[in-house]
Amino acid sequence: MKADIKQMILDAARTAFQNGELSSDDFPAVDVEEPKLVLHGDFSTNFAMVSASVQKMAPKKIAQAVLKHLNDPNGIIQRTEIAGPGFINFYIHPEAWHPVLSVIHEKDAAYGAKDIGGGSRVQVEFVSANPTGPLHVGHGRGAVVGDATAAILAFCGYDISREYYINDAGKQVHTLGRSVLLRARELSGQAIVFPEECYQGDYIRDIAKRILGEKGDWLFFADEEEAVSFCAASAAKEILAWIQEDLDLLGIRFDTWFSEQGLCDSGKVDEVIRQFTQNKMIYEQDGARWFKTEDFGDEKDRVVVRNNGQTTYFASDIAYHQDKFDRGFDRIIDVWGADHHGYIPRIRASIAASGKDPSRFTVILTQLVNLLRKGEPVAMGKRSGQFVTLREVIDEVGRDAARFIFLTRHYDSPLDFDLELAKQQTNDNPVFYVQYVHARISSILKKAAEEKNIDDIAFDPEAIRHLTAPEEIELIKHLSRYPETVAESAEKLEPHRIAFYLMDLAAVFHAYYNRHRVITDDSQLTAGRLYLVAAVRIIIRNGLHLLGVTAPESM
RNA sequence: GCGCCUGUAGCUCAGCUGGAUAGAGCAACGGACUUCUAAUCCGUAGGCCGCAGGUUCGAAUCCUGCCAGGCGCGCCA
């Protein structure tokens, strides 16, 4: 609809120019928007105003010239007006909205899928939590934002790959091994001092108990480093399995689990360091080797090989991002917690240093999650190891509520996650509000089948003509906005837009529902209304599906 | 100190790449269930869009400065 109007304006402007009523054919991009106020019409354009300087004419004169030559082949426009400083407002015939419904029914699950990706390959890497402890709510947010973003992009024609990077090499996993070994000693009755930098959580004891049961005294007779390595590998494996279960509970599946250790073992990290040393991007100082990230906009150069000979996490990450490009992805999206934002310039620098275009690399930074219960903060002492895990949250509030709530805020905005609120089945809780629409419509369709024997919701132009109530037109208008909402959400990597759209649509539907009965004695009207609400249900279902939330038939 | 993010109704947040009179939910107050699910709806009230400049026909939106909050600034990840 919007595109049609744009075309009409452009065509009219061209004709006006040919007739000498406009002085230039240098037209700006036509911007058609939906005015906030109903009395400004269904659509509005600032075309005349933004053309004023080029045309060297008053906006109102330009508007008049455009309107004079406006050609409306399908007769969708009821009337037009020139208003304010030079807006052209368009009023659409209410019936002109009706065809939206048949398009929705035809396209069904594919409705709103604008192909903006053109099959280009995009990798979305998210969660990537270290396998050193259970996931917490912050990870949950990143998980859901990443997963929904991936789903939306896939829907819009991108070839998407979801990836989890496992930090199973390096110091943290080594610390994990030490923590477990110490707890094992403790369990076997030895006196130990448990250092502050070790992992404090009770889960370490559980793992230690298991390993002690499997390996017994070997742990204490073996070479210490060997014992630590064994504990590290075994613990990381177990924790990773928990993480996979958690993600599974959230309905998240990865295409690739990429191991940092595997990357190191393949020699890729050493290879990258060798290459950059050759290119003089890496130099030696104070016994360490530094990458010249400052040359590419970072605040200072960064160490890639420590003076003890070990490579840093950054070194792995350089190789990892190289590898992503080597695998042929056109675009790379990383979802990180906001506390890692200082890391972006150096990764970007490493990409630029290797001759790749850094604009192909995007980071989504999800802001912090505050876990609350009835408005009171829930203690999240990382140091004490006492924190509420993501698993506990999912178990308590359920997958749908958890997912939806993570998506009801722009990822850039901190999120208060209230456990009690998430369980409440009221208007406070947007998941149920949206799902309720789906359940209500399902119930109506069921009743129509049972009582009126209407099983087949088919297109019937005669019936649809009965959809004339303002609430019905309003509802159809909302439905027609779904495709652009999805496209925007994909272009900006902002899944929350779909959540907000669904809440708005739900509100419009509930209002309609309370005002009008779908199933009436008028069979034509009933048929038309069933066609309408079935279209609403398609969109609610599609939208929820993109967000990874179920659409229940009944509640 | 430097960098990134944020500042919109009492609270939690939207606000489309600059548009006309600023949006929703909650909380408050008043209403609607013999009706397809009241997990719903209708109405009332609530605003120097942090502050000050600038850009222009037009700014919550873009630029600069300041104020406040969060996060980051390691040869940790």
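Atoms considered below: every heavy atom in the structure, side chains included; atoms not considered: hydrogens, waters and symmetry mates. Lettering of chains follows the sequences in order, A, B, ..., and the numbering in each one begins at 1.
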Considering only the P atoms, how many Å lie between B:A59 and B:G50, rounded to the nearest integer?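 The same atom, P, in both gives a distance of 15 Å.
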
Can you check the distance between B:A27 and B:G10, where both ends of the measurement are the C1' atom (answer in whole Å)?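 Here B:A27 and B:G10 have their C1' atoms 8 Å from each other.
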
Is the count of non-hydrogen atoms from other residues, nucleotides or ligands lying under 6.0 Å from A:Lys477 atom NZ greater than 12?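 Result for NZ/A:Lys477: enclosed.
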
Other residues, nucleotides and ligands only: do more than 12 of their heavy atoms fall within 6.0 Å of CG on A:Asp521?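 Result for CG/A:Asp521: open.
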
For a quick test of reading the model: is some side-chain N or O of [X] closer than 4.0 Å to OP1 or OP2 of [N]?
| X | N | result |
| --- | --- | --- |
| A:Lys36 | B:G23 | no |
| A:Arg515 | B:A32 | no |
| A:Tyr513 | B:A38 | yes |

Find the partner of [N]: check Watson-Crick (N1-N3 plus N6-O4 or O6-N4) and G-U wobble (N1-O2, O6-N3) distances, both under 3.5 Å, and reply none if neither fits.
| N | value |
| --- | --- |
| B:C41 | B:G31 |
| B:C4 | B:G70 |
| B:G46 | none |
| B:C36 | none |
| B:C13 | B:G23 |
| B:G65 | B:C51 |

With sugar-phosphate meaning primed atoms plus P, OP1 and OP2, does A:His516 contact a base, only sugar-phosphate, or nothing at under 4.0 Å between heavy atoms?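 Contact class for A:His516: base.
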
What's A:Arg289 touching, base or sugar-phosphate or nothing? Going by heavy atoms closer than 4.0 Å.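 If one applies the 4.0 Å heavy-atom cut-off, A:Arg289 turns out to touch nothing in the nucleic acid.
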
Pairwise 5' ranking along RNA chain B for A:Leu39 and A:Ala506, keeping only the more 5' one: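 The residue mapped nearer the 5' terminus is A:Leu39.
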
Using whole Å, report how far [atom1] of [X] lies from [atom2] of [N].
| X | N | atom1 | atom2 | answer |
| --- | --- | --- | --- | --- |
| A:His438 | B:A39 | NE2 | C1' | 16 Å |
| A:Leu415 | B:C11 | CG | P | 18 Å |
| A:Asp334 | B:C4 | CG | P | 20 Å |
| A:Glu488 | B:U61 | CD | P | 19 Å |

Donor + acceptor pair across side chains of A:Tyr164, A:Glu125 (<3.5 Å):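 Looking only at side-chain atoms, A:Glu125 and A:Tyr164 do not form any donor-acceptor pair under 3.5 Å.
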
Distance-only side-chain donor-acceptor flag, A:Asn167 / A:Gln172, under 3.5 Å: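 No - no donor-acceptor pair under 3.5 Å links their side chains.
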
Nearest to side-chain heavy atoms of [X], which nucleotide of [options]:
| X | options | result |
| --- | --- | --- |
| A:Glu33 | B:U40, B:G15, B:G19 | B:G19 |
| A:Phe432 | B:A39, B:A14, B:C36 | B:A39 |
| A:His496 | B:A20, B:G15, B:C13 | B:G15 |
| A:Asp412 | B:C16, B:U6, B:A20 | B:U6 |

Centres of the A:Tyr433 and A:His510 rings: under 6.0 Å?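 Yes - the distance between ring centres of A:Tyr433 and A:His510 falls below the 6.0 Å cut-off.
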
Could you check whether A:Phe500 and the base of B:A14 form a stacked pair, meaning centres closer than 5.5 Å and planes differing by less than 30°?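 No; centroid distance or tilt outside limits.
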
Quick one: does NZ or CZ of A:Arg302 land under 6.0 Å from the six-membered ring centre of A:Phe314, within 45 degrees of the ring axis?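 No cation-pi geometry.
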
Taking the six-membered ring of A:Tyr513 as reference, does the cationic atom of A:Arg440 (NZ for Lys, CZ for Arg) lie under 6.0 Å from its centre and within 45° of its axis?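 So A:Arg440 does make the cation-pi contact.
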
Test: A:Lys447 and A:Glu450 ion pair at under 4.0 Å: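 No, this pair does not count.
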
Scan nucleotides 71-77 of chain B nucleotide by nucleotide, 5' to 3', and note B when protein non-hydrogen atoms come under 4.0 Å of the base, S if they reach only the sugar-phosphate, - if neither. BS-SBBB

